[in-house]
Amino acid sequence: MRLKRTMTCGELTVDNVNQEVNLNGWIATNRDHGGVIFLDLRDRYGKTQVTFNPDIDAELAANARRLGMEDVIAVRGIVQLRPDGNVNPNMPTGSIEVVVSELEVLNESQPLPFLVSDRESGSEDLRLEYRYLELRTAELQNFMALRAKTYGSARSRLTAEGFLEFETPVLMKSTPEGARDYLVPSRIHKGKFYALPQSPQTYKQLLMISGFDKYFQIVKCFRDEDLRADRQPEFTQIDIEMSFVDQSDVLGVATRLARGMFKDILDYDLPEIFPTMKYKDAMEMYGSDKPDIRFDLPLVEFADYAQKTEFGIFKDNLAAGGRVKALVLKNAADKYSRKATDGLTEWLRTYYGLKGLAFVKMEQNAFSAGISKFFPEALQAELIKDLHLEHNDILFFVSDTEARTLQSLGALRLELAKRENLIPEGVIKPLFVVDFPLLDWDEDSQRFIAMHHPFTAPNPDDLELMQSAPGSVRAQAYDLVINGYEVAGGSIRIHTREMQSRMFELIGMDEAEAQARFGFLLKAFKYGAPPHGGIAFGFDRLIMLLAGTENIRDVIAFPKTTSASSLMDEAPSIVDEQQLKELHIKLVE
RNA sequence: GGGAUCGUAGUUCAGCUUGGUUAGAACGCCGGCCUGUCAAGCCGGAGGUCGCCGGUUCGAUCCCGGUCGGUCCCGCCA
């Protein structure tokens, strides 16, 4: 190219007036007034108006007239002040323009499938097909720049704390505990497969055994599970592991890193100490293991009150080991007509399999509507006092199995908060959730499975429960939750062979199977494994929070759809017979 | 695996409720006019397998079934 840029499209100001500059970029808009032609030239630094005046050079203006949106051009010209009254205060470069003397058309663009100036001008599937064009939009340019800045922040913050950055294998052994693995067939080893890492968990533990007491990695992880608005099959973690530490040390690093990143990127000050909540309390108070604590609206334990009602369903569920919990929404009863409550009931039924949602409203000093007739006067008085109920409050009740009660009322809490605008804008509330259970009973396989992963150390205070009541053993596991998103999770790991074997035993993995899957790790534990633990940040979710978006696809350059395909390059795709043959793979119908 | 929802010019949508002659608008595109705009403006034009397959019907963009694709959710995500 002839007119290589001397400046970017975002940096010219009144200070550059009368300078001759070259600009390169894409045509964002063209405004042809018959005479003078205005083009907004765009690169990732900004936009600058360039003008062509036929009075100065008729041929040049005629050439400019033929240009269209997203053509790539290079111009040479003089920076000039815009005439009086023609300054655009909405543009950082709005005081100046470049009066073009030379034009080089670098490449023309076909008519566009959607407007680069307006991300909403194309549906999402169309934008994903032309992702490279969508990435030109201001919004995604900003998100990607923010993401890049966050890589840098994480790296420098961790490096400053003495962490060493590593790379671990992407082709690894399949360890089918937890998420489904993405498998990679081996050409050399017929019938054998690598797996893509769900996380570099075992490698980072081995690095601890190697003596690299502070490890980190910004790393892709792969999980072949169904997608969500905040879940992609390949995603990025900031993976951290440390030796000779306990839970408080890891939470300290996570706190400093999170504070550092929010400071570096948003100049937002997170508290020096993040609040901590026990898993059990989170479930009881918020119906979630990742509660959004930007607003209150806690779940109210209602079992004792329920016994004093004449509502049979509550009592039956309690007798059957179920639960009754309530939510009090202040001063909103008038907004919840029969139609509205029916809508909520239907929503909970469809999404959470809940049979019913009960409610009562406060009318002056008494209950009305819903199931109010099942509440004796004395109980009403008691509730009004205990729950500080006032006119126009509405109480919602859920009664079902414990799991379903907590989950659906937790979901209702979030939904009501959204509807009632209870979630403050611009506020970032971190929370550590701790004391997760070590094990989770799996109905399908009728056995315990590791709630976090099978390398998580039990709480030393609960060791005797491992025999008597495995389901009640607490793990030294923790999550960092920010605004209701699980942003990071980790644990103190088991570092002795004996404890690791006990753990495998608890989840029904016999010695032979443990050897086959994790023999290498068990062997390593015999050679002086230090106590260690760590945490991993979901990098994409972190960027979502920093960017203020609720969609993980917004912060990944080339994301996949909810059916895990890439609309742009059409992955996954069929492959040649020859490729399959080399891999010793035969497709079956 | 299950549920909900969407699919109509290049694009975003309307039309479908109550099936019927020529499926509209805006943006974009093409042409013309216009010397200070910045979402430029004005005039004109081209552009449609109504996602696909099947059914009902004299007749289907519209009703029904299936299917494919997007999105959101449940399950799943150690």
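Model, not experiment: these values are computed from the prediction. Letters A, B, ... are given to chains in the order of the sequence lines, protein chains preceding strands, and every chain is numbered from 1.
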Inset, instruction - Classify the side-chain pair A/T405/A/D400 by whether it contains a donor and acceptor separated by less than 3.5 Å. - result: no
Inset, instruction - Please tell me which of the listed nucleotides, B/rC38, B/rC76, B/rU71, lies nearest to the side chain of A/T562? - result: B/rU71
Inset, instruction - Give a yes or no on whether the ring-centroid distance for A/F455 and A/F518 is below 6.0 angstrom. - result: yes
Inset, instruction - Check every strand shown and say whether A/L115 touches a base, only sugar-phosphate, or nothing at a heavy-atom separation below 4.0 Å. - result: sugar-phosphate
Legend entry - Any strand: nucleotide that pairs with B/rG28 via Watson-Crick or wobble, under 3.5 Å: none
Inset, instruction - Please examine the side chains of A/M503 and A/I494, heavy atoms only from C-beta on, and report whether any two atoms are closer than 4.5 Å. - result: yes
Inset, instruction - Look at all strands and tell whether A/P83 reaches a base, only sugar-phosphate, or nothing, counting heavy atoms closer than 4.0 Å. - result: base
Legend entry - Distance-only donor-acceptor test, A/R223 side-chain atoms vs B/rC77 base atoms, 3.5 Å: no
Inset, instruction - Using a 4.0 Å heavy-atom cut-off across all strands, classify A/D32 as base, sugar-phosphate, or nothing. - result: base
Inset, instruction - Quickly work out the A/L112 CG to B/rA9 C1' distance and round it to whole Å. - result: 17 Å
Inset, instruction - Quick one: label A/S117 by what it contacts on the DNA or RNA (base, sugar-phosphate, nothing), any heavy atom closer than 4.0 Å. - result: nothing
Legend entry - B/rG36 phosphate, OP1 or OP2, under 4.0 Å from A/N88 side-chain N/O: no
Legend entry - Watson-Crick or G-U counterpart of B/rC63, or none if no pair lies under 3.5 Å: B/rG55
Inset, instruction - Rounded to the nearest angstrom, tell me the gap between atom CG in A/D442 and atom C1' in B/rG75. - result: 12 Å
Legend entry - Atom pair distance, as rounded to whole Å: CG in A/D554 and C1' in B/rC72: 15 Å
Legend entry - Atom P, compared across B/rU5 and B/rA14: separation rounded to whole Å: 16 Å
Legend entry - Presence of A/T561 side-chain N/O under 4.0 Å of B/rG70 phosphate oxygens OP1/OP2: yes
Inset, instruction - Give one of base, sugar-phosphate or nothing for A/N551, where a contact means two heavy atoms less than 4.0 Å apart. - result: sugar-phosphate
Inset, instruction - Using the C1' atom as the reference point in each nucleotide, state the distance between B/rG1 and B/rC62 in Å, no decimals. - result: 32 Å
Inset, instruction - Establish, from distance only, whether the side-chain atoms of A/S121 and A/R119 form a donor-acceptor pair under 3.5 Å. - result: no
Legend entry - Residue matched to B/rC50 through Watson-Crick or wobble contacts both under 3.5 angstrom: none
Inset, instruction - Taking atom C1' in both B/rC27 and B/rU67, compute the distance separating them and give it to the nearest angstrom. - result: 33 Å
Legend entry - Touch class at under 4.0 angstrom, heavy-atom based, for A/F114 against every strand present: nothing
Inset, instruction - Indicate whether any N or O donor in one side chain lies under 3.5 Å from an N or O acceptor in the other, for A/T549 and A/N551. - result: no
Inset, instruction - Classify the side chain of A/R82 and the base of B/rU37 as holding, or not holding, a donor-acceptor pair under 3.5 Å. - result: yes
Inset, instruction - Please figure out whether A/R66 or A/A450 has its closest RNA chain B nucleotide nearer the 5' end. - result: A/R66
Legend entry - Euclidean distance, atom CG of residue A/N30 to atom P of B/rC38 [Å, nearest integer]: 14 Å
Legend entry - B/rG75 base / A/D226 side chain donor-acceptor hit below 3.5 Å: yes
Inset, instruction - Pick base, sugar-phosphate or nothing for A/Q49, based on heavy-atom distances below 4.0 Å to the nucleic acid. - result: base
Inset, instruction - Check the surroundings of atom NZ in A/K560: do more than 12 heavy atoms from other residues, nucleotides or ligands lie under 6.0 Å from it? - result: yes
Legend entry - Donor/acceptor link under 3.5 angstrom from A/R349 side chain onto base of B/rG3: no
Inset, instruction - Can you figure out which of B/rC76, B/rU71, B/rG36 approaches the side chain of A/N86 most closely? - result: B/rG36
Inset, instruction - Please determine if a side-chain N or O atom of A/Q407 lies less than 4.0 Å away from the OP1 or OP2 oxygen of B/rG75. - result: yes
Inset, instruction - Please work out if A/E486 contacts a base, only the sugar-phosphate, or nothing of the nucleic acid, heavy-atom cut-off 4.0 Å. - result: nothing
Inset, instruction - Please state how far atom CG in A/L414 lies from atom C1' in B/rC74, giving the value in whole angstrom units. - result: 15 Å
Inset, instruction - Have a look at A/S123 and say if it touches a base, only the backbone sugar-phosphate, or nothing, with a 4.0 Å heavy-atom cut-off. - result: sugar-phosphate
Legend entry - Along RNA chain B (nearest heavy atom to each residue), the more 5'-positioned of A/G94 and A/P54: A/P54
Inset, instruction - Determine the Euclidean distance between corresponding P atoms of B/rU18 and B/rA23; express it in Å to zero decimal places. - result: 23 Å
Legend entry - Separation of the P atoms in B/rU22 and B/rC50, to the nearest angstrom: 15 Å
Inset, instruction - Just call it for A/R553: base, sugar-phosphate, or nothing, with non-hydrogen atoms closer than 4.0 Å on any strand. - result: sugar-phosphate
Inset, instruction - Would you tell me if any nitrogen or oxygen in the side chain of A/R31 comes within less than 4.0 Å of OP1 or OP2 on B/rA40? - result: yes
Inset, instruction - Measure the distance from CG on A/D118 to C1' on B/rC27 and round it to the nearest whole Å. - result: 9 Å
Legend entry - Distance, P atom - from B/rG51 to B/rG10, rounded to whole angstrom: 13 Å
Legend entry - Check: A/E120 side chain, B/rU12 base, donor-acceptor under 3.5 Å: no
Legend entry - B/rC72 to B/rA25 separation - P atoms, rounded to the nearest Å: 33 Å
Inset, instruction - State the pairing partner of B/rA4; accept Watson-Crick or G-U wobble contacts with both distances under 3.5 Å, and report none otherwise. - result: B/rU71
Legend entry - Separation between the C1' atoms of B/rA9 and B/rG54, rounded to whole Å: 26 Å
Inset, instruction - Run the salt-bridge test on A/R228 and A/E486 with the 4.0 Å N-O cut-off and return the result as yes or no. - result: no
Inset, instruction - Please check if the distance between the ring centroids of A/F525 and A/H495 is under 6.0 Å. - result: no
Inset, instruction - Please work out if A/I37 contacts a base, only the sugar-phosphate, or nothing of the nucleic acid, heavy-atom cut-off 4.0 Å. - result: nothing
Inset, instruction - May I ask you to check whether A/F432 and A/Y478 place their ring centres under 6.0 Å from each other? - result: no
Inset, instruction - Measure from the side chain of A/A229, starting at C-beta and using heavy atoms only, and say which of B/rC29, B/rA40, B/rC73 lies closest. - result: B/rC73
Inset, instruction - Scan A/S565 against the nucleic acid and name what it touches under 4.0 Å (heavy atoms): base, sugar-phosphate only, or nothing. - result: sugar-phosphate
